[in-house]
Amino acid sequence: MKIVNFLYLSILLLCCQIGFSQTIWQGQYQSYRIIVSGDFDTKKDSLSFSIPELGSECKVALKVAADSVSFKNDMYGYTFKGKYNADKTAVTGVFNNYSIPNASIVLKKQNSIQPLFFAQHPQKPYPYQVIDMTFLGKTTKLTYGGTLTLPQGKKKYPLAILISGTGQHDRNYTFMGRESFTVLADYLARNGIASLRVDDRGFGKTTGDFENATTGDFANDIEEEIAYLKSDKNIDASYIGLIGHSEGGMIASIVSSRNKDVKFMISLSGVGVSGLEMLNLQNTSILKSYNFTDKVVAKQMEMYNIMFKVVYDTKDNESAKPAMEIKLKEWMQQQDSTILKEIHMLDGRDKDFLYRYGKDADRKWYRYTIHYNPENYLPKITIPVFIANGDKDIQVPAIENVNSFKKYLGTKDLTTKIYPGLNHMYQHCTTCMQKEVKELDEVFAPEVLDDISKWILVRYKK
């Protein structure tokens, strides 16, 4: 018991976890929740404080007056000063910290901690059916957990399978609290279009090994989803289509090229070029977004492309690391120290690079992706296709990928659109760098949602 007490006291002194409380004061700034646990009127001089998205938990010193509340933690630099509203159910004020400087927030009185909220997230009651379910894949033998969203009062409808991008995601395609697929499914259902969204392998209710899976395996998962929809007599599966984002667009291309049950395909920032070209385009675009000089970008990409080619040429059952180390050493010996300093490859950083990139390079997923060739799939796709991109997308640059789709797709019904001012996640952006995504309140650009729905409905009516 003494050991337990000692550990408990130590944790309190360092940074306390929020304990159980019926009263929560919660606010939000961008992608961060500001939470104070406890009642401001309890006469306590401190309460538990948390910013879950930053992993911050501690105590804050509290001061309460008749019409105002303030708190601070000097160690972590947290300060807040605010005033009550008329019925004391909210406090409006300014929160300050090096991570969240001078943020205007409203702390609302809650009975429990609430998830991050964005205005586009749908609120109950929904004017459509939402059905959570699990089903077994007959070929993969995996259990899939998903959400089916059906338009209210319709027996016939188009049905879209939503496919997330690179990385392991839940069915809602949640990133920094923003649920892109929840917003998309809501918009589709309100316009008479059903959808299915599913947890990725090894996440939520879906079983399987995500780390050792490839894009080809994820394509097999989509085929299992199609088979399930066709087997359920309560679902209209006569007009199934795929909506894939980023890598999900690549997955949609693979499945659409071989599965005759797919009636339409929408690729949102999907990959239309080869894996090698995609790596070159993506890394060049990201480097340029940091305003490096053309000379630095060119040299960095010269080195990267040598590494990419090494991985591309390595046999599947072999490690690329030994050949990468030899090629990198040869390349560095040909460069002067000024260049190496500018591209951050001095003082042992080449070893760090080899370690980090080597881990990715030997993954089955990476090997599959780098060998992706659109010519193997796109010419076989003859169904209606909608290709979309944001012109500020630095992860899947728009022009090159859209042009490649145009070049190789076999369909006679092709729509392409590059949206001005949109980033990779279909948000209207300002700096349009990757880090800005979490600073934007928008989840999904309304004009894209509208275009998707109208495009599907036109083809369904035909």
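In this structure, D209 places its CG atom where more than 12 heavy-atom neighbours from other residues, nucleotides or ligands lie under 6.0 Å away. The neighbour count for I399 CD1, taken as heavy atoms of other residues, nucleotides or ligands under 6.0 Å away, does not exceed 12.
Listed for the T214 side chain is a donor-acceptor partner under 3.5 Å among the backbone atoms of D217. Here the side chain of T314 pairs a donor or acceptor atom with the backbone of V310 at under 3.5 angstrom. Counting only distance, with no hydrogens or angles, the side chain of D393 and the backbone of V396 share a donor-acceptor pair below 3.5 Å. When atom types are taken as modelled, the side chain of S319 and the backbone of K321 share a donor-acceptor pair closer than 3.5 angstrom. Distance alone, capped at 3.5 Å, places no donor-acceptor pair between the R363 side chain and the K359 backbone. The closest donor-acceptor contact from the side chain of T369 to the backbone of W365 lies under 3.5 Å. Judged purely by atom type and a 3.5 angstrom limit, Y144 has no side-chain atom pairing as donor or acceptor with the backbone of D199. Side-chain atoms of E436 come within 3.5 Å of backbone N or O of T430 as a donor-acceptor pair. Within the 3.5 Å criterion, the main-chain N or O of I418 finds no donor-acceptor partner in the side chain of N389. Checking side-chain atoms of N401 against main-chain N and O of P397 turns up a donor-acceptor pair under 3.5 Å.
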### Message
Checking Q300 against K295 for the side chain to side chain contact (heavy atoms under 4.5 Å, CB included) test, could you report, in this order, the C-alpha distance in whole Å, the side-chain angles of both residues, the deciding distance, and whether it holds?
### Response
CA-CA 9 Å; Q300 190 89 57; K295 178 184 176 182; over 6 Å; no
### Task
For the pair V385 and D413, evaluate side chain to side chain contact (heavy atoms under 4.5 Å, CB included) and give the outcome as yes or no after the intermediate values.
CA-CA 6 Å; V385 176; D413 183 354; over 6 Å; no
### Task
May I have the step-by-step check of side chain to side chain contact (heavy atoms under 4.5 Å, CB included) for T149 and D186, ending in yes or no?
CA-CA 8 Å; T149 306; D186 172 78; over 6 Å; no
### Message
Could you walk me through whether S56 and Y78 satisfy the side chain to side chain donor-acceptor pair (under 3.5 Å) test, starting with their C-alpha distance in whole Å, then the side-chain angles of each, then the deciding distance to 0.1 Å, before giving a yes or no?
### Response
CA-CA 11 Å; S56 301; Y78 299 136; 3.0 Å; yes
### Task
Apply side chain to side chain donor-acceptor pair (under 3.5 Å) to the pair N220 and T140, showing each step before the final yes or no.
CA-CA 8 Å; N220 293 337; T140 63; over 6 Å; no
### Query
Could you walk me through whether L229 and L196 pass the side chain to side chain contact (heavy atoms under 4.5 Å, CB included) check?
CA-CA 9 Å; L229 292 171; L196 174 68; 4.1 Å; yes
### Query
Passes ring-ring contact (aromatic ring centres under 6.0 Å, His included), F118 versus F444? Steps please.
CA-CA 11 Å; F118 297 93; F444 211 129; over 10 Å; no
### Message
salt bridge (charged side-chain N to carboxylate O under 4.0 Å, His left out), that's the test. Do K155 and D236 meet it? Break it down for me.
### Response
CA-CA 7 Å; K155 292 184 178 180; D236 178 15; over 6 Å; no
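Considering only heavy atoms from C-beta on, S453 comes within 4.5 Å of L188 through its side chain. Residues Y173 and R178 form no side-chain contact, since every pair of their non-hydrogen atoms from C-beta on lies 4.5 Å or further apart. Contact annotation: the side chain of K438 never approaches that of Q30 to less than 4.5 Å [non-hydrogen atoms, C-beta and beyond]. Under the 4.5 Å side-chain criterion, counting only non-hydrogen atoms from C-beta, I243 is in contact with L268. I24 is listed as a side-chain neighbour of I35, based on a closest heavy-atom distance under 4.5 Å. Here the side chains of Q427 and L422 are not in contact, with every heavy-atom distance at 4.5 Å or above. Between Y228 and I235 there is a side-chain heavy-atom pair separated by less than 4.5 Å. The closest side-chain heavy-atom distance from N259 to I222 is not below 4.5 Å.
Rounded to the nearest 0.5 Å, atoms CH2 (W331) and CG (L328) are 7.5 Å apart. For the atom pair OH (Y419) and OG (S269), the distance works out to 10.5 Å, reported to the nearest 0.5 Å. In this structure, the separation between CD1 on I383 and NZ on K260 is 9.0 Å, given to the nearest 0.5 Å. Taking CG from N97 and CG from L54, the interatomic distance works out to 7.5 Å, rounded to the nearest 0.5 Å. The OG atom of S164 sits 5.5 Å away from atom CZ of F181, with the distance rounded to the nearest 0.5 Å. From Y126, atom OH reaches atom CZ of R190 across 9.5 Å, with rounding to the nearest 0.5 Å.
Taking a cutoff of 4.0 Å between a charged side-chain nitrogen and a carboxylate oxygen, D352 and R356 do not qualify as a salt bridge. At a threshold of 4.0 Å, the pair R201-D221 counts as salt-bridged, since one of the basic side-chain nitrogens sits closer than that to a carboxylate oxygen. Between D132 and R171, at least one side-chain nitrogen of the basic residue sits less than 4.0 Å from a carboxylate oxygen of the acidic one, meeting the salt-bridge criterion. A salt bridge is defined here as a Lys NZ or Arg NE, NH1 or NH2 lying under 4.0 Å from an Asp or Glu carboxylate O, and K364 with E211 fails to meet this definition. Ion pair R367/D362 flagged as a salt bridge, since at least one NZ, NE, NH1 or NH2 atom sits closer than 4.0 Å to an Asp/Glu carboxylate oxygen. Here K299 does not pair with E342 in a salt bridge; the nearest charged N to carboxylate O distance is not below 4.0 Å.
Note: Y372 and Y377 have parallel aromatic rings, judged against thresholds of 30 and 60 degrees for the angle between ring planes. The aromatic rings of F308 and Y304 are tilted relative to each other, their planes meeting at an angle between 30° and 60°. Classification of the Y357-Y366 ring pair by plane angle, with boundaries at 30° and 60°, yields perpendicular.
Contact between Y157 and G192 at its shortest, heavy atoms only, is CB-O, 3.6 Å. The nearest pair of heavy atoms linking H424 to H245 is O-NE2, 2.7 Å. The two residues L142 and G208 have their closest heavy-atom pair at CD2-CA, 3.7 Å. Considering all non-hydrogen atoms of both residues, A185 and R197 come closest at CB-NH1, 3.4 Å. Contact record, L242 with S256: CD1-OG, 3.6 Å, taken as the closest heavy-atom pair. For A90 against V106, the heavy-atom pair with the smallest separation is CB-CG1, 4.0 Å.
With R33 as the partner, the side chain to side chain donor-acceptor pair (under 3.5 Å) test is satisfied by one option alone out of Q26, E53, Q114, Q28: E53. Between V198 and the choices K205, E225, M133, H169, the side-chain contact (heavy atoms from CB on, under 4.5 Å) rule is met once, by E225.
Outside the 6.0 Å centre-distance limit, the rings of Y460 and F264 are not counted as a close aromatic pair.
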